[in-house]
Amino acid sequence: GAVVSQHPSRVICKSGTSVKIECRSLDFQATTMFWYRQFPKQSLMLMATSNEGSKATYEQGVEKDKFLINHASLTLSTLTVTSAHPEDSSFYICSARDSGNGYTFGSGTRLTVV
Amino acid sequence: KQEVTQIPAALSVPEGENLVLNCSFTDSAIYNLQWFRQDPGKGLTSLLLIQSSQREQTSGRLNASLDKSSGRSTLYIAASQPGDSATYLCAVRTGANNLFFGTGTRLTVIP
């Protein structure tokens, strides 16, 4: 079945630094990928839709200059959290729509900003 | 805007019991509905996908039903096992790329 690989699974960084998270579709091409954020004991909140070869579409309230998204190929999307602050600490998950019209999710990245 | 609600928020059952998780959505114009499982600190694992034209899907001990007109879906788990303990999320797709998640049901199966 469709597999989405997300790296790293866990990262700790200092305030003010930037962190890049990668999301790869391993056995299918994904013209569109999605980035979600999840706070403890809450459901997923869509942050942005990543489109291959064009600009990402951000949800209301999500700062595009802070959460940079690049979708340079049909199998890779990256999310860079710039100038990270402790309030950016969260669980970030990417997904892609697979050939069966369902969504396949990555394993998530736990970001802790200290 | 589509709103997805899951009831109950948490559920504890003894091992071996059958159980039903509920999902309701406000806008019946959906493409499909997907049930996921999420283990603590992990990503989402797709369990079942029901297209809008379908009424149910089955996979092993899992059966998901869809009543689009009433805006409801259920996930039935037969003969529950401790390994089934996780948070179960339903999500409805309403547009080309619009996926709306429920708040989840945290299931604990007690050995």
Side-chain angles (χ1 to χ4, degrees), chain A residues 1-11 21 23-24 28 30-52 54 56-60 71 77 89-112, chain B residues 1-11 21 23-25 30-54 57 59-60 62 64 66 73 86-108:
Chain A
V3 177
V4 171
S5 175
Q6 186 173 342
H7 293 282
S9 59
R10 190 179 293 268
V11 59
I21 303 170
C23 181
R24 294 180 185 272
F28 65 104
T31 54
T32 305
M33 291 186 176
F34 309 89
W35 287 96
Y36 293 83
R37 182 172 181 175
Q38 186 178 35
F39 291 103
K41 298 186 178 181
Q42 293 188 26
S43 192
L44 283 73
M45 292 184 59
L46 180 65
M47 297 175 63
T49 301
S50 168
N51 304 297
E52 187 267 336
S54 65
T57 304
Y58 290 82
E59 295 300 300
Q60 192 173 7
H71 194 153
S77 175
S89 298
S90 190
F91 192 61
Y92 294 87
I93 310 178
C94 69
S95 77
R97 199 162 74 237
D98 57 46
S99 59
N101 274 324
Y103 289 81
T104 299
F105 282 77
S107 54
T109 298
R110 169 73 58 195
L111 170 64
T112 304
Chain B
K1 182 183 175 183
Q2 178 75 264
E3 291 185 7
V4 183
T5 305
Q6 289 185 247
I7 295 173
L11 178 65
L21 307 181
C23 173
S24 61
F25 46 95
I30 66 171
Y31 280 20
N32 57 43
L33 182 146
Q34 200 164 357
W35 282 93
F36 295 91
R37 167 189 175 136
Q38 184 176 31
D39 293 286
K42 303 291 184 182
L44 275 65
T45 300
S46 179
L47 299 174
L48 289 165
L49 170 68
I50 310 178
Q51 303 294 346
S52 62
S53 59
Q54 298 174 323
Q57 282 285 331
S59 175
L62 305 179
L66 174 63
S73 176
T87 295
Y88 290 80
L89 295 162
C90 73
V92 297
R93 180 182 162 201
T94 59
N97 293 316
N98 294 339
L99 192 65
F100 294 89
F101 279 88
T103 48
T105 294
R106 191 161 58 254
L107 173 66
T108 303

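Computation of the quantities below employed the complete heavy-atom set of this structure, encompassing side-chain atoms and omitting hydrogens, waters and symmetry-equivalent molecules. Only a predicted model underlies this, so the values are computations on that prediction, with no experimental measurement involved. Labels below follow one simple rule: chain letters A, B, ... track the order of the sequence lines, proteins then strands, and each chain is numbered from 1.
- Residues Phe28(A) and Arg97(A) share a closest heavy-atom pair of CE1-O, 3.6 Å.
- Interface residue Leu49(B): only side-chain heavy atoms are found under 4.5 Å from chain A.
- If you measure heavy-atom distances from Gln51(B) to chain A, the contacts under 4.5 Å come from the side chain alone.
- Under the side chain to side chain contact (heavy atoms under 4.5 Å, CB included) criterion, Thr104(A) pairs with Ala2(A), Val4(A), Asp98(A), sequence neighbours left out.
- The shortest heavy-atom contact between Gln38(A) and Ile93(A) is OE1-CD1, 4.0 Å.
- Contact of Gln6(A) with chain B is not made at all, since no heavy-atom distance falls under 4.5 Å.
- When each of Ala9(B), Gly43(B), Pro40(B) is scored by its heavy-atom pairs under 4.5 Å with chain A, the top score falls to Gly43(B).
- No other option in Gly102(B), Ser46(B), Ala91(B), Gly104(B) has as many heavy-atom pairs under 4.5 Å with chain A as Gly102(B).
- Of the residues listed (Tyr92(A), Tyr103(A), Tyr58(A)), the one engaging Phe34(A) in a ring-ring contact (aromatic ring centres under 6.0 Å, His included) is Tyr103(A), and it is the only one.
- For Phe101(B), the ring-ring contact (aromatic ring centres under 6.0 Å, His included) test picks out Tyr36(A), Phe105(A), Phe36(B), with sequence neighbours left out.
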